Undergrad: 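Supplied in structure tokens, the structure appears directly below.
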Amino acid sequence: MKPEGKVAVVTGAGSGLGLATCKALVQAGARVLCLDINEAGLQSVAQSLGRSVIPRKVDVSEEDGVRDAIDFVVAAFGGLHIAINCAGVVDAAKTISRDVPFPIQLWKKVIDINLTGTFNVVRFAALAMEKNKPDETTGERGVIVNTSSGAAWQGQVGQAAYSASKAGIMGLTLPVARDLAPLGIRVVSVAPGMFNTAMAANLPGKVLDAIKDRMLLFPSRMGFPEEFAALVCHIVENSYLNATTITIDGGARMSAR
């Protein structure tokens, strides 16, 4: 599916991977509904991308907010063809630490945003895509790309909730793709490794050096958000990609810490 002339929704659009994806889709000719809880980030997106985007503050884990936002963009732009889920949190805690168990509210927060939030967007996006006319060339009505993580199978210390949420995204890829195949809607997940985002910027220099020296093959650097966005755009355009998870991580193999 060519992004030109299509309508997309991107979550986590106010920064990092989501922001880079918004920019790439707009450059490819799409109009984009940008969702985030970061109002300052959304304002920056709107200022830089102009009328091609609609910024909207939404918590992806809340049903009403997601449904209303997608209904709004369908009414404003005439449909929805592409959905990219980048929203997520990385809050960490050990299973037990100093005789204290993993805080259950923290577990619920990570699962709610990363996993439930992703599926919440998927189901309402698919509902809108179902109403599209099939693409004349490919027969597609829509494309959904979700963000998993290398932590899904290489989780580090303290990442029980994060790894579980990202493994869940991998796990839902095939059954959701099977559900939506009769409608001409593809579902693909991307599992990024370490990328140069706000999350990485907050890591101590020694930690960053250790990642580069011991965990990455080539290139020995953090990924650029633009590289993630380029892969997303390729997935959108390549109609034979479906029901799979694609890794983009520079060959990273994460250590326990």
Side-chain angles (χ1 to χ4, degrees), residues 8 10-13 15-22 24-25 60 82-92 110-122 125 143-178 180 186-200 203 208 211-212 214-238 240-257:
V10 177
T11 72
S15 63
L17 303 181
L19 174 58
T21 301
C22 284
L25 287 170
V60 294
I82 301 163
I84 315 295
N85 279 296
C86 295
V89 294
V90 295
D91 302 50
V110 174
I111 299 298
D112 280 353
I113 295 173
N114 292 4
L115 181 56
T116 304
T118 293
F119 187 66
N120 197 28
V121 174
V122 165
V143 183
I144 297 170
V145 182
N146 300 321
T147 303
S148 179
S149 169
W153 62 92
Q154 298 186 71
Q156 295 182 288
V157 168
Q159 289 189 333
Y162 181 71
S163 295
S165 69
K166 294 302 185 177
I169 289 172
M170 286 182 61
L172 65 77
T173 304
L174 177 57
V176 174
R178 284 173 165 166
L180 301 181
R186 295 187 289 117
V187 183
V188 176
S189 294
V190 176
M194 295 298 298
F195 271 72
N196 189 18
T197 62
M199 178 187 73
L203 293 173
L208 291 175
I211 291 171
K212 295 174 184 177
R214 301 201 305 266
M215 301 181 196
L216 297 174
L217 295 181
F218 181 84
S220 57
R221 59 165 173 81
M222 298 289 186
F224 300 130
E226 293 77 12
E227 292 170 320
F228 173 90
L231 176 57
V232 169
C233 287
H234 177 75
I235 292 169
V236 170
E237 294 195 36
N238 191 327
Y240 210 59
L241 285 172
N242 193 17
T244 191
T245 299
I246 300 173
T247 299
I248 177 169
D249 64 2
R253 297 297 182 266
M254 305 304 291
S255 64
R257 298 177 184 274

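Please read all numbers here as calculations on a predicted model, not as lab measurements. Along the sequence shown, residues are numbered consecutively beginning with 1.
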Undergrad: Can you find a heavy atom in the side chain of Thr147 that is under 4.5 Å from one in the side chain of Pro192?
TA: yes
Undergrad: Under the salt bridge (charged side-chain N to carboxylate O under 4.0 Å, His left out) test, which residues partner Arg178, sequence neighbours left out?
TA: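 Scan of Arg178 (salt bridge (charged side-chain N to carboxylate O under 4.0 Å, His left out), adjacent residues dropped) gives none.
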Undergrad: Return the minimal non-hydrogen interatomic distance between Phe224 and Phe195, and the atom names on each side.
TA: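 The answer is O-CE2, 3.2 Å.
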Undergrad: Just to verify, what does Thr247 make a side-chain contact (heavy atoms from CB on, under 4.5 Å) with, not counting sequence neighbours?
TA: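 Only Trp153, Ala191, Asp249 meet the side-chain contact (heavy atoms from CB on, under 4.5 Å) criterion with Thr247.
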Undergrad: For Ser165, enumerate each residue passing the side-chain hydrogen bond (donor to acceptor under 3.5 Å, both in side chains) test, keeping only those at least two apart in sequence or located in another chain.
TA: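 In terms of side-chain hydrogen bond (donor to acceptor under 3.5 Å, both in side chains), with neighbours along the sequence ignored, Ser165 is linked to Asn114.
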Undergrad: Which residues pass the side-chain contact (heavy atoms from CB on, under 4.5 Å) test with Asp91, sequence neighbours left out?
TA: Val89, Leu106, Lys109, Val110
Undergrad: Using the side-chain hydrogen bond (donor to acceptor under 3.5 Å, both in side chains) criterion, which residues pair with Arg221? Sequence neighbours excluded.
TA: Glu227
Undergrad: Partners of Gln154 by side-chain hydrogen bond (donor to acceptor under 3.5 Å, both in side chains), sequence neighbours excluded?
TA: none
Undergrad: So, do Ile144 and Leu180 sit near enough that their side-chain heavy atoms are less than 4.5 Å apart?
TA: yes
Undergrad: Please step through side chain to side chain contact (heavy atoms under 4.5 Å, CB included) for the pair Ile246 and Leu241, ending with a clear verdict.
TA: CA-CA 10 Å; Ile246 300 173; Leu241 285 172; 4.2 Å; yes
Undergrad: Could you list the residues that satisfy salt bridge (charged side-chain N to carboxylate O under 4.0 Å, His left out) with Glu237, not counting sequence neighbours?
TA: Lys2
Undergrad: Could you work out, with side-chain contact (heavy atoms from CB on, under 4.5 Å) as the rule, every residue matching Ser149, not counting sequence neighbours?
TA: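 side-chain contact (heavy atoms from CB on, under 4.5 Å) list for Ser149, sorted by chain: Ala151, Tyr162, Lys166.
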Undergrad: Could you work out, with side-chain hydrogen bond (donor to acceptor under 3.5 Å, both in side chains) as the rule, every residue matching Ser189, not counting sequence neighbours?
TA: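 Residues passing side-chain hydrogen bond (donor to acceptor under 3.5 Å, both in side chains) with Ser189: Thr173.
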Undergrad: How close do Ile113 and Gly88 get, counting heavy atoms only, and between which atoms?
TA: CG2-CA, 4.1 Å
Undergrad: Quick check: closest heavy atoms across Gly18 and Val10, and the distance to 0.1 Å?
TA: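 Closest approach of Gly18 to Val10: O-CG1, 3.6 Å.
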Undergrad: Check whether any side-chain N or O of Asn146 sits under 3.5 Å from a backbone N or O of Asn85 as a donor-acceptor pair, and report yes or no.
TA: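 No.
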Undergrad: Does Arg186 reach the main-chain N or O of Val236 with its side chain, forming a donor-acceptor pair under 3.5 Å?
TA: yes
Undergrad: Nearest 0.5 Å please: distance from the CG atom of Leu216 over to the CE atom of Met222.
TA: 7.0 Å
Undergrad: Are Thr21 and Val145 side-chain neighbours, meaning at least one heavy-atom pair lies under 4.5 Å?
TA: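 No, side chains not in contact.
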Undergrad: Provide the closest heavy-atom pair for Leu115 versus Gly168 in the form atom of the first, atom of the second, distance.
TA: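 Here Leu115 and Gly168 meet closest at CD1-C, 3.6 Å.
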Undergrad: Can you name the closest pair of heavy atoms from Leu174 and Ala243 and give their distance?
TA: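 Shortest heavy-atom contact: CD1-CB, 3.9 Å.
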Undergrad: Is it the case that the side chain of Thr11 and the backbone of Cys86 share a donor-acceptor pair, with hydrogens and angles ignored and the cut-off at 3.5 Å?
TA: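 Indeed, once roles are kept as given, a pair shorter than 3.5 Å links the two residues.
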Undergrad: For Ala24, check side-chain contact (heavy atoms from CB on, under 4.5 Å) against everything at least two apart and list the hits.
TA: Ala229, Cys233
Undergrad: Does any non-hydrogen side-chain atom of Ile84 lie less than 4.5 Å from one of Ile82?
TA: yes
Undergrad: With distance as the sole test, does Ser163 use its side chain to make a donor-acceptor pair with the main-chain N or O of Gln159 at under 3.5 Å?
TA: yes
Undergrad: State, to 0.1 Å, how close Val60 and Asn120 come at their nearest heavy-atom pair, and which atoms those are.
TA: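 Minimum heavy-atom contact is O-ND2, 2.9 Å.
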